**Q** 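There's a structure below that I have some questions on.
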Amino acid sequence: MEVFHGLKPGPTLLVCAAIHGDELNGIEICRRLLGRVNPKNLTGTLIVVPIVNVFGFIQQSRYLPDRRDLNRCFPGSSKGALASRLANLFATQLLVHATHVIDLHTGAIHRDNLPQIRCDTGDATMLAMANAFGAPLIMHSKARSVSMRGYANQQGIPCILYEAGEALRFSELAIKSGLKGVLNVMRSLGMLKGRVSNKVASVSAIRSYWVRSESDGLVNMKLKLGQRVNKGYIIAHIVSPHGGDSVAIRAPTDGIIIGISNIPVTNEGEGMFHIAQFEGDEIEIANEQLDEFLMEYA
């Protein structure tokens, strides 16, 4: 953990990563952020925790040694099991000091996420942070009460969650856009001088859902992460290793693929594509903004 106190009083921003120990992009974002901050030019306080779940990080695991998900144990207890104690320590020693929080995540193992911000868009402060961050998509998401984000929100601390990339993998796209996003939020809060620098505006999705496999077999994907889909469009074929007819997987609605499974083997019912839906012409705007975003970090 690193703490930077600026010369002038102001907000206290907590930036944390790897609450799931195998989510590495956020760790690198934090490392690069530490090299960009000079206390002499800082207003307020910046708290950076690159690795919350050290146990999981060492074991390259999402979970703690007792197989519990730390992000489902808040606010925890000082007398509970390991996960409960660690959650309680984080809540009482760090979170309590924050006025704003950015929680850095990736997709699960073998699942890749398009850069996106998740927050309660009904909260004006969180929505402003999300827009300042500058990820191409904002997903309305009310946090579970037992998650760190949910507990922070209960305590009146605005917290946004950045999702990008895949567990146990580095993605320069996710890292560069994440670092820029954190610095943009700091500028929007008045912690750093300068204007928020976003070439594209974020677009809010109205909902998202997973397209699930209709049978067992091998997956021949037709579309990639970030691509637009139209209702009825074939996005994958499931085939048997022994040959025979394939099963076409079609998009139930128009949308944009914001998450994808990278394993070319599936069982019936498993999630394959995570698709975001938009209202009216917003999908056209989102598609154009996403193209510009991807070109910026190409």
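Every value quoted in this text rests on a predicted model; they were computed, and no experiment measured them.
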**Q** Can you tell me if E23 uses its side chain to pair, donor with acceptor, with the backbone of T106 under 3.5 Å?
**A** yes
**Q** Could you pull out all donor-acceptor pairs under 3.5 Å where a side-chain atom in residues 51-59 meets a protein atom, sequence neighbours excluded?
**A**
residue, atom, partner, partner atom, Å
N53, OD1, F55, N, 3.4
N53, OD1, G56, N, 2.8
N53, ND2, R62, O, 3.4

**Q** Kindly check if the number of other-residue, nucleotide or ligand heavy atoms within 6.0 Å of CG (D281) is above 12?
**A** no
**Q** Kindly list each side-chain donor-acceptor pair under 3.5 angstrom involving residues 2-11, sequence neighbours excluded, with atom names and distances?
**A**
residue, atom, partner, partner atom, Å
H5, ND1, T45, OG1, 3.0

**Q** Give every residue pair that meets the side chain to side chain donor-acceptor pair (under 3.5 Å) criterion with at least one member in residues 239-248, sequence neighbours excluded.
**A** none
**Q** Please table the atom pairs, donor to acceptor, closer than 3.5 Å between any side-chain atom in residues 142-152 and protein atoms at least two apart or in another chain.
**A**
residue, atom, partner, partner atom, Å
S147, OG, R144, O, 2.7
S147, OG, G150, N, 2.9
R149, NH1, S141, O, 2.9
R149, NH2, S141, OG, 3.0

**Q** Within a 6.0 Å radius of atom CZ on R36, are there more than 12 heavy atoms belonging to other residues, nucleotides or ligands?
**A** no
**Q** If you group Ile, Leu, Val, Met, Phe, Trp and Tyr whenever their side-chain heavy atoms sit less than 4.5 Å apart, what else falls in with V239?
**A** L218, I263, V265
**Q** State the CD-CG distance between Q227 and L290, to the nearest 0.5 angstrom.
**A** 10.0 Å
**Q** Quick one: side chain to side chain donor-acceptor pair (under 3.5 Å) pairs with a partner in residues 167-178, sequence neighbours left out?
**A** R32-E172, Y162-S177
**Q** Checking E270 side chain against S213 main chain: does a donor-acceptor pair fall under 3.5 Å?
**A** no
**Q** Side-chain donor-acceptor pairs under 3.5 Å in residues 178-194, sequence neighbours left out?
**A**
residue, atom, partner, partner atom, Å
K180, NZ, S197, O, 3.2
K180, NZ, E296, OE2, 2.6
N184, OD1, R187, NH1, 3.1
N184, OD1, S197, N, 2.9
N184, OD1, S197, OG, 3.4
N184, ND2, K180, O, 3.4
N184, ND2, S197, O, 3.4
N184, ND2, N198, OD1, 2.8
S188, OG, V185, O, 2.7

**Q** May I have all residue pairs that pass salt bridge (Lys or Arg N to Asp or Glu O under 4.0 Å) and include part of residues 119-137, sequence neighbours excluded?
**A** none
**Q** Does R250 pair with E214 as a salt bridge, N-O distance under 4.0 Å?
**A** no
**Q** May I have all residue pairs that pass salt bridge (Lys or Arg N to Asp or Glu O under 4.0 Å) and include part of residues 84-94, sequence neighbours excluded?
**A** none
**Q** Under 3.5 Å, is there a donor-acceptor pair between the side chain of N287 and the main chain of I283?
**A** no
**Q** Got a second to check how far I109's CD1 is from R111's CZ, nearest 0.5 Å?
**A** 11.5 Å
**Q** From L114 CG over to I256 CD1, what is the distance, rounded to the nearest 0.5 angstrom?
**A** 8.0 Å
**Q** Test of understanding: with side chain to side chain donor-acceptor pair (under 3.5 Å), list the residues that count as partners of N220, not counting sequence neighbours.
**A** none
**Q** In residues 272-280, what donor-acceptor pairs under 3.5 Å come from side-chain atoms, sequence neighbours left out?
**A**
residue, atom, partner, partner atom, Å
H274, NE2, S208, OG, 2.9
Q277, OE1, R207, NH1, 2.2

**Q** Consider side-chain contact (heavy atoms from CB on, under 4.5 Å). Of V101, D103, I19, I102, which one does L161 pass it with?
**A** D103
**Q** Taking side chain to side chain donor-acceptor pair (under 3.5 Å) as the test, write out the residues that go with D69, two or more places apart.
**A** H20
**Q** Do the side chains of L173 and L24 join up, straight or via other hydrophobic residues, at under 4.5 Å, putting them in one cluster?
**A** no
